[in-house]
Participant: 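Just passing along the structure, written as structure tokens.
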Amino acid sequence: MEIKKLHSFDVHIQEAREIQRRLRDMIVLKSPRAEFTLVAGADVSFPGSIRGRGTNRARAGVVVLDAETLETVEESVTEVECRFPYVPGFLIFREGPAVLEAFQKLKHAPDLVVFDAQGIAHPRGLGLASHLGLFLDLPSIGCAKSRLVGESAEPGPNRGDSSTLYFEGRDVGRVLRTKPGVKPVFVSPGHRMDQETAARVVLGLVTRFRLPEPTRRAHRLVTTGKT
DNA sequence: GCGACAG
DNA sequence: ATCTTGTCGC
């Protein structure tokens, strides 16, 4: 798919923080009426690195699947050198470039993207999922495996049970139990998305594992080679 | 100063 | 994120 601008993430934390504060006001927390036909999942791995150190090559992968059948429609993998270190709250500047390149190589344009990161549940309201949703101009959802910010109660024990994630007095996401007896995931709207739709869609993309299929497959794609 | 901290 | 052995449970 085509990405209009070539956005640069080659900045320093000082301006990175300003960029996030400026872009957060552009996020739309309203989901489109039409249903999602093609859903993409994206993730990044760092092959060969040791405890986050060592080689600094980022391997990004995007998997597009049919929202109904969950069949894989297309895959895209790419590797780039990253210049930004991992700093909580600034993940986009480390993984963003690689993910965007993987999207550029895509032939199918998805209707929705699920990221293995936070959406608006972020210190400045602009997690990687929101940031990339904005740059790709696509509805997006953040589905992280752990918490970045906010407080929440422990969700119920059954699949589909959830609790609200609050940050600075606002509802920024859902702590969703996708599987009984397993740690819940942190779902938050990215861009052109609302809380209810985000949680409902993620749950609908979950099969027998903890993570929804788009993200789970993207993770497998960039770590092991398989689909 | 002391924790917390997406991946 | 990445490394890695063992263990528990279905």
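Just so it is clear: chains get the letters A, B, ... in the order the sequence lines come, proteins before strands, and each one is counted from 1.
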Participant: Determine whether Val113(A) and Val99(A) fall in the same hydrophobic cluster, where Ile, Leu, Val, Met, Phe, Trp and Tyr are linked whenever their side-chain heavy atoms lie under 4.5 Å apart.
Facilitator: yes

Participant: How many angstroms lie between CD in Gln118(A) and CD1 in Ile92(A), if you round to the nearest 0.5 Å?
Facilitator: 13.0 Å

Participant: Round to the nearest Å and state the distance from Glu95(A) atom CD to dA6(B) atom P.
Facilitator: 12 Å

Participant: Pairs under 3.5 angstrom only: tabulate donor-acceptor contacts from the side chains of residues 149-159 of chain A to other protein residues two or more places apart or in another chain.
Facilitator:
from: Glu154(A); atom 1: OE2; to: Arg177(A); atom 2: NH2; distance (Å): 3.0
from: Arg159(A); atom 1: NH2; to: Leu203(A); atom 2: O; distance (Å): 3.1
from: Arg159(A); atom 1: NH2; to: Val206(A); atom 2: O; distance (Å): 3.4

Participant: Find the distance Phe84(A):CZ to dG7(B):C1' and express it as a whole number of Å.
Facilitator: 13 Å

Participant: Runs of at least three consecutive Watson-Crick or G-U pairs, both distances under 3.5 Å, are what I'm after; which ones involve DNA chain B?
Facilitator: none

Participant: Looking across every strand, which nucleic acid part, if any, lies under 4.0 Å from Phe90(A) by heavy atom: base, sugar-phosphate, or nothing?
Facilitator: base

Participant: Working note: Thr207(A) + Glu213(A), criterion side-chain contact (heavy atoms from CB on, under 4.5 Å); need CA distance, chi angles, decisive distance, verdict.
Facilitator: CA-CA 7 Å; Thr207(A) 58; Glu213(A) 287 304 295; 3.0 Å; yes

Participant: Extract the stems that DNA chain C is part of, considering only consecutive pairing runs of at least three Watson-Crick or G-U wobble pairs, both distances under 3.5 Å.
Facilitator: none

Participant: Kindly say if Lys145(A) contacts the phosphate of dA6(B), meaning a side-chain N or O under 4.0 Å from OP1 or OP2.
Facilitator: no

Participant: Check whether any side-chain heavy atom of Phe103(A) sits under 4.5 Å from a side-chain heavy atom of Pro110(A), and report yes or no.
Facilitator: yes

Participant: Calculate, to the nearest 0.5 Å, the distance between atoms CD1 and CD belonging to Ile19(A) and Gln14(A) respectively.
Facilitator: 11.0 Å

Participant: Applying side chain to side chain donor-acceptor pair (under 3.5 Å), name anything that partners Arg83(A), two or more places apart in sequence or on another chain.
Facilitator: Asp10(A)

Participant: Glu15(A) versus His12(A): any side-chain heavy-atom pair under 4.5 Å?
Facilitator: yes

Participant: Can you check whether Tyr86(A) stacks with the dG7(B) base, using ring centres under 5.5 Å and planes within 30°?
Facilitator: yes

Participant: Kindly indicate whether the side chain of Thr215(A), heavy atoms from C-beta on, has any atom under 4.5 Å from the side chain of Phe115(A).
Facilitator: no

Participant: Distance check needed: dA1(C) P versus Leu148(A) CG, whole Å only.
Facilitator: 14 Å

Participant: CZ of Phe93(A) versus P of dC5(B): gap in Å, rounded?
Facilitator: 22 Å

Participant: Can you identify which nucleotide, out of dC5(B), dA1(C), dG7(B), has its nearest atom closest to the Pro88(A) side chain?
Facilitator: dC5(B)

Participant: Less than 4.5 Å apart, side chain to side chain, heavy atoms only: is that true for Arg59(A) and Thr78(A)?
Facilitator: no

Participant: Can you tell me the distance, in whole Å, between the CG atom of Leu165(A) and the P atom of dC5(B)?
Facilitator: 12 Å

Participant: For a quick test of your reading: what N or O donor-acceptor pairs under 3.5 Å do the side chains of residues 38-48 of chain A make, sequence neighbours left out?
Facilitator:
from: Ser45(A); atom 1: OG; to: Val222(A); atom 2: O; distance (Å): 2.7

Participant: Can you list, by residue number, the residues of residues 179-211 of chain A that have a non-hydrogen atom closer than 4.0 angstrom to DNA chain B?
Facilitator: none

Participant: Would you kindly give the CZ-to-C1' distance between Phe46(A) and dA6(B), to the nearest whole Å?
Facilitator: 12 Å

Participant: Does Glu74(A) come within less than 4.0 Å of Lys107(A), counting only side-chain N to carboxylate O?
Facilitator: no

Participant: Identify all pairs in which a protein N or O lies below 3.5 Å from an N or O of nucleotides 6-10 of chain C, and state each distance.
Facilitator:
none

Participant: Write out a two-atom table: protein N or O, nucleotide N or O from nucleotides 1-4 of chain B, distance below 3.5 Å.
Facilitator:
from: dA4(B); atom 1: O3'; to: Arg147(A); atom 2: NH2; distance (Å): 3.4

Participant: Assigning hydrophobic clusters by single linkage (Ile, Leu, Val, Met, Phe, Trp, Tyr; side-chain heavy-atom cutoff under 4.5 Å), is Ile120(A) placed with Leu136(A)?
Facilitator: yes

Participant: Would you mind classifying the nucleic acid contact of His219(A) as base, sugar-phosphate or nothing, using non-hydrogen atoms under 4.0 angstrom?
Facilitator: sugar-phosphate

Participant: What donor-acceptor contacts under 3.5 angstrom involve side-chain atoms of residues 21-34 of chain A, with partners at least two apart or in another chain?
Facilitator:
from: Arg24(A); atom 1: NE; to: Arg124(A); atom 2: O; distance (Å): 3.4
from: Arg24(A); atom 1: NH1; to: Arg124(A); atom 2: O; distance (Å): 3.3

Participant: Taking the side chain as C-beta and beyond, is there a heavy-atom pair between Asp137(A) and Arg192(A) under 4.5 Å?
Facilitator: yes

Participant: To the nearest Å, give me how far apart CZ (Arg94(A)) and P (dT2(C)) are.
Facilitator: 10 Å

Participant: OP1 or OP2 of dG7(B) less than 4.0 angstrom from a side-chain nitrogen or oxygen of Ser45(A), does that happen here?
Facilitator: no

Participant: Taking only residues two or more places apart in sequence, or in another chain, which ones meet Phe9(A) in a ring-ring contact (aromatic ring centres under 6.0 Å, His included)?
Facilitator: Phe93(A), His131(A), Phe135(A)

Participant: Return the set of residues passing side chain to side chain contact (heavy atoms under 4.5 Å, CB included) with Asp171(A) (not counting sequence neighbours), or none when no residue passes.
Facilitator: Thr164(A), Tyr166(A), Arg174(A), Gln195(A)

Participant: When we call it a touch if two heavy atoms are under 4.0 Å apart, what does Gly89(A) touch: a base, just sugar-phosphate, or nothing?
Facilitator: base

Participant: Please say which of Thr178(A), Val175(A), Leu176(A) ends up in a side chain to side chain contact (heavy atoms under 4.5 Å, CB included) with Val187(A).
Facilitator: Leu176(A)

Participant: Got a sec? Which of residues 111-125 of chain A come in under 4.0 Å of DNA chain B, heavy atoms?
Facilitator: Asp116(A), Ala117(A), Gln118(A), His122(A)

Participant: Rounded to whole Å, how long is the line connecting atom CG of Asp43(A) with atom C1' of dA6(B)?
Facilitator: 11 Å

Participant: Is it true that the NZ or CZ of Arg94(A) lies under 6.0 Å from the centre of Phe84(A)'s six-membered ring and within 45 degrees of the ring axis?
Facilitator: no

